[in-house]
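Following: one structure in structure tokens, then a few remarks.
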Number of protein chains: 2
Amino acid sequence: MTAADNDSISAAVEVIGDRWSLLVLRGVFRGLHRFGELRDDLGIASNLLTDRLGRLVNYEVLEKVPYQHRPVRYEYRLTESGRALSPVLVAIMQWGDSYRQDPTSAPMTLVHAQCNAPVENITRCTQCNEVLDAQHIRRADHRTSTT
Amino acid sequence: MTAADNDSISAAVEVIGDRWSLLVLRGVFRGLHRFGELRDDLGIASNLLTDRLGRLVNYEVLEKVPYQHRPVRYEYRLTESGRALSPVLVAIMQWGDSYRQDPTSAPMTLVHAQCNAPVENITRCTQCNEVLDAQHIRRADHRTSTT
DNA sequence: CAGTATCCTCGAGGATACTG
DNA sequence: CAGTATCCTCGAGGATACTG
């Protein structure tokens, strides 16, 4: 067994470390909930969309909610666990905007619905509230990494 | 062209929407900088590690820094753009801890080096500073999504 | 030690057609 | 409309051997 197993990042990677899964989630966060909406928006093959939606439902990130009967049709809604992925998506989007954005297209800004002001994703100290970058973060209960 | 192209998430997904790339990055954030360290830690095949390191260097997320001459040997360091991925990794780790963690293994806590207190990744409003979840975030300059 | 070169296999991905 | 079923192809992934 290597360090690639059994930690919280690799556990999360099973769910979101996949191009289509991440793009499907982005779509659901954007308000696309139905199969056809997602398929048309993403340009994903239907068998792949079926697969990804099924996986996300299995991981309890999405849940199927019937929106019509006879025939029954489901839409895909974020679960609590799915909504908790919001900071991940925001962090990714923010990084993409800053470092990977095609300069010709405008960045996609997210705002606080009440204030109408931009949101930002940060990592901060729960004690002093300071915004932290990688240099000021270390692993707890671990002899300082000597490797 | 579909919505899958040409936005900041799909731009970022090219870099990190891949299991091994993300795990390599995690390793570098943890202080593993040399080829052999990463290979042994991740259990990744050497050709794949070569490929992923090369891609991350191309994306200017990592850079090669010589640490020895005759023969010259390089180690892989985060660039500014790479360090800026810290919130993404922290957000992913935090989510994995909360929702995907194998209950038998302890979560991997990150702390502020000065305070020794745990860090947290959040999304907040740049104006009122409130911590925001998905329900309070919307896209700017966009008729409110009616779909 | 830090890769490069080769080879093989399996399965992801996509296209297309079909169905309750 | 929301999938399921099939089929095909290509390339990612891994193992192994080799090299400056």
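Per chain, numbering begins at 1; letters A, B, ... match sequence-line order.
Residues B:N47 and B:R52 bring no donor and acceptor atom of their side chains to less than 3.5 Å of each other. B:S86 and A:D133 share no donor-acceptor pair across their side chains, judged by distance under 3.5 Å alone.
How far CH2 of A:W95 is from CG of B:L89: 11.0 Å, rounded to the nearest 0.5 Å. Taken to the nearest 0.5 Å, the CG atom of A:L38 stands 10.0 Å off from the CZ atom of A:R26.
Every residue two or more places apart in sequence or in another chain that forms a side-chain contact (heavy atoms from CB on, under 4.5 Å) with B:Y59 is listed here: A:R100, B:E14, B:V15, B:R55, B:V61. For B:S21, the side chain to side chain donor-acceptor pair (under 3.5 Å) partners two or more places apart in sequence, or in a different chain, are B:D18. Partners of A:T50 according to the side-chain contact (heavy atoms from CB on, under 4.5 Å) rule, which considers only residues two or more places apart in sequence or in another chain, are A:F35.
A rotation axis mapping the C1' atoms of four pairs onto the next four is fitted at both ends of the helix from C:dC1-D:dG20 to C:dG20-D:dC1 over five pairs, and the angle between these axes is 60° to 10 degrees.
Of the possible donor and acceptor atoms, none in the side chain of A:H33 sits under 3.5 Å from a partner among the backbone N and O of A:R77.
On the nucleic acid side, DNA chain C contacts chain A at distances under 4.0 Å to non-hydrogen atoms, with the end points of that region at C:dG13 to C:dG20.
At a non-hydrogen distance threshold of 4.0 Å, A:S46, A:N47, A:T50, A:Y67 from residues 46-72 of chain A come into contact with DNA chain D.
Position along DNA chain C of the nearest nucleotide to A:D18 versus B:R39 favours B:R39 as the more 5'-ward residue.
At a threshold of 4.5 Å between side-chain heavy atoms, the hydrophobic network of Ile, Leu, Val, Met, Phe, Trp and Tyr places B:Y99 and B:I122 in two separate groups.
A pairwise comparison of heavy atoms in A:Y74 and A:Y67 identifies O-CE2, 3.3 Å as the closest pair.
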